[in-house]
Amino acid sequence: MKNNLIAEIISVGTEILLGDTINTNAAFLGKELASLGIFVCYTSVVGDNNVRLESAMKIAMSRADIIITTGGLGPTFDDLTKETIAKLLDLGMKIDKHSLNRIKDFFVRINREFTENNLKQALMPTGAIPLDNEFGTAPGLIINTSDGKIITMLPGPPREMQPMFNNKVIPFLLNKYSNSKKLFSKVINIFGIGESKVESMFANLMRTSVNPTIAPYAKLGELELRTTALAYNETKANEIINPIIEEITAKLKDKVYGIDAGSMQQEVVKILKDKELRLSTAESCTGGYLSKRITDVDGASKVYLGGVVAYSNEVKMQLLGVSEDILSKFGAVSEQVAKEMAKGVAIKLNADIGVSTTGIAGQTTDFTNKPTGLVYIGYYDRKSNLNYAIELHLARGYKDDRESIRYIASSNALFEIIKNIKGTL
């Protein structure tokens, strides 16, 4: 059985070329195919034009084992995918009765008239395997070509395409290539160290490691190292991947905040649940950004009590108990105020841990003696009475500095939670 199967994705639709529709289908299919051990080496976008689609298909068939198209299966005159590919393969077209009956039943269910142009959706190239559409009218289809290629045509709307691929195409591919190796990946989540530094530390390992491969992916303020192994099953893949992960994490130490964590906020919620701890937040410069990221995580309500957006000094004093003397002496953007905010919100909301942010995210005349990007993160642990603040300088001189400063400040706050819970409790 052939390994290292190569796939190509062709997204059909002029609306994608014009930017009216974002091509999420290619991203979805790329990820899903990789998990099956099928390498997506090429993707392309073609408008609703039979000549250009035929040209793209010829190129794809010359270099890929599996070609997947999305879009162009509807009832209108510019839906040309099936017709173009049938002509290219010299196949006739005929009505598939099963598909036609499903389409007619759909119109009956929604109490709408079945118009004649909908017959077009039931047309299939000779020998094609129809794929039922559970969320729309346009069926998909699979063609096994005479030279061993697989051509799969899927509808364009993601809510139709994704379940069809998961429920119909994946079982077909697994059955056909059951003896093939698959790709398995683990992600090392890193914070507090730059991409160039990490690459310099592991440059030789990244260059020489073939199975698994190691690839860096930079995100705003953090980094992922994706380790990917080609193996017949997950157990074998872990035997290949885990020693590399251990080597990398041993060198990066506390810069690694998780393995396959997903996001910093997901990791925070997870470890809070594991330790049965409750968190509260007090935010000034981030204006609720930290709270939003935490509450974006399913199940956050079990560990996150709530937060206070204390933008003014009055709110800092009245709700968080920050003393007027400290505000007068050190100013709102200071280590001392960050510490009092973190402690105050934990006590006010009866939380185990309080975290705060205060700083200068954008240009302002309120703090003429302090630079843009100066941020303090406060932390308070009620059990140990640990109370401290860290100073950050987050300005990078970009036009969008305000948003990036707010985001990275919230990331630093999340990281302090992870670091303290994993390191001290």
Side-chain angles (χ1 to χ4, degrees), residues 2 4-34 36 38-94 96 99 117 119-131 133 136 138-158 160-162 164-165 168-169 172-173 176-177:
K2 180 181 177 181
N4 298 337
L5 292 162
I6 294 174
E8 180 156 353
I9 300 166
I10 301 176
S11 304
V12 182
T14 303
E15 69 280 1
I16 303 173
L17 287 173
L18 295 176
D20 293 331
T21 298
I22 298 173
N23 189 9
T24 59
N25 285 343
F28 170 84
L29 290 170
K31 185 175 182 179
E32 294 300 317
L33 289 165
L36 300 175
I38 298 170
F39 294 81
V40 178
C41 295
Y42 313 96
T43 66
S44 59
V45 179
V46 182
D48 299 303
N49 180 285
N50 60 335
V51 175
R52 287 190 283 274
L53 176 56
E54 182 176 339
S55 175
M57 281 297 303
K58 286 179 180 178
I59 295 170
M61 292 180 67
S62 72
R63 61 191 183 186
D65 305 294
I66 301 167
I67 300 100
I68 298 180
T69 69
T70 63
L73 302 182
T76 61
F77 71 93
D78 58 347
D79 290 310
L80 301 167
T81 301
K82 285 183 297 185
E83 294 82 351
T84 301
I85 293 174
K87 179 183 176 184
L88 176 64
L89 299 176
D90 197 24
L91 298 175
M93 298 278 286
K94 65 177 184 179
D96 178 67
S99 297
N117 60 349
L119 284 170
K120 184 175 184 292
Q121 295 181 103
L123 278 171
M124 294 281 170
T126 305
I129 303 168
L131 305 174
N133 188 338
L141 61 146
I142 295 174
I143 297 176
N144 288 289
T145 70
S146 58
D147 57 352
K149 309 282 184 179
I150 294 175
I151 299 174
T152 299
M153 292 171 247
L154 301 174
E160 299 177 29
M161 185 278 293
Q162 292 183 13
M164 185 181 291
F165 182 82
K168 308 293 183 181
V169 180
F172 175 87
L173 294 174
K176 189 172 182 66
Y177 300 114

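These numbers come from a predicted model, not from an experiment.
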Set of residues satisfying side-chain contact (heavy atoms from CB on, under 4.5 Å) with respect to P125, sequence neighbours excluded:
A86, L91, M93, A128, L141, I143
Could you tell me which non-hydrogen atom of [X] sits nearest to which non-hydrogen atom of [Y], and how far apart they are?
{"X": "T24", "Y": "P158", "value": "OG1-CG, 3.8 Å"}
{"X": "L53", "Y": "L80", "value": "CD2-O, 4.3 Å"}
{"X": "G47", "Y": "V12", "value": "O-CG1, 4.1 Å"}
{"X": "I67", "Y": "A60", "value": "CG1-CB, 3.8 Å"}
{"X": "I9", "Y": "A26", "value": "CD1-O, 3.8 Å"}
{"X": "I38", "Y": "A7", "value": "CG2-CB, 3.6 Å"}

Decide side chain to side chain contact (heavy atoms under 4.5 Å, CB included) for I66 and K149; before the verdict, give the C-alpha distance in whole Å, the side-chain angles of both, and the deciding distance to 0.1 Å.
CA-CA 6 Å; I66 301 167; K149 309 282 184 179; over 6 Å; no
If we ignore hydrogens and angles and just use 3.5 Å, is the side chain of T21 paired with the main-chain N or O of I16 as donor and acceptor?
no
Any side-chain to backbone donor/acceptor pair from D48 onto T14? Under 3.5 Å, distance only.
yes
Going by heavy atoms in the side chains, are [X] and [Y] under 4.5 Å from each other?
{"X": "K94", "Y": "L123", "answer": "no"}
{"X": "M61", "Y": "I151", "answer": "yes"}
{"X": "K82", "Y": "M153", "answer": "yes"}
{"X": "Q121", "Y": "D79", "answer": "no"}
{"X": "F165", "Y": "I68", "answer": "yes"}
{"X": "L154", "Y": "E160", "answer": "no"}
{"X": "N144", "Y": "K176", "answer": "yes"}
{"X": "F39", "Y": "D65", "answer": "no"}

Going through the checks in order, is the side chain to side chain contact (heavy atoms under 4.5 Å, CB included) test met by I142 and I150?
CA-CA 7 Å; I142 295 174; I150 294 175; 4.0 Å; yes
Given L33, L36, L131, the one that forms side chain to side chain contact (heavy atoms under 4.5 Å, CB included) with V169:
L131
Rounded at 0.5 Å granularity, tell me how far [atom1] in [X] sits from [atom2] in [Y].
{"X": "N50", "Y": "S55", "atom1": "CG", "atom2": "OG", "answer": "11.5 Å"}
{"X": "F77", "Y": "K120", "atom1": "CZ", "atom2": "NZ", "answer": "10.0 Å"}
{"X": "T70", "Y": "M164", "atom1": "OG1", "atom2": "CE", "answer": "11.5 Å"}
{"X": "I59", "Y": "S44", "atom1": "CD1", "atom2": "OG", "answer": "8.0 Å"}

Start with the C-alpha distance between F172 and I129, add both sets of side-chain angles, then the distance that settles side chain to side chain contact (heavy atoms under 4.5 Å, CB included), and finish with yes or no.
CA-CA 10 Å; F172 175 87; I129 303 168; 3.9 Å; yes
Please test T145 against L89 for side chain to side chain contact (heavy atoms under 4.5 Å, CB included), starting from the C-alpha separation and ending with a verdict.
CA-CA 8 Å; T145 70; L89 299 176; 4.3 Å; yes
Verify the neighbour count for atom CG of L18: are there more than 12 heavy atoms of other residues, nucleotides or ligands below 6.0 Å?
yes
Looking at D90, I'd like to know if its CG atom is crowded, meaning that more than 12 non-hydrogen atoms belonging to other residues, nucleotides or ligands lie closer than 6.0 Å.
no
Does anything in residues 6-15 pair up under salt bridge (Lys or Arg N to Asp or Glu O under 4.0 Å), and if so which pairs, sequence neighbours excluded?
E8-R63
Do N23 and S11 have side-chain N/O donor and acceptor atoms under 3.5 Å apart?
yes
Taking NZ, NE, NH1 and NH2 as the nitrogens, is one of them in E83 or K87 under 4.0 Å from a carboxylate oxygen of the other?
no
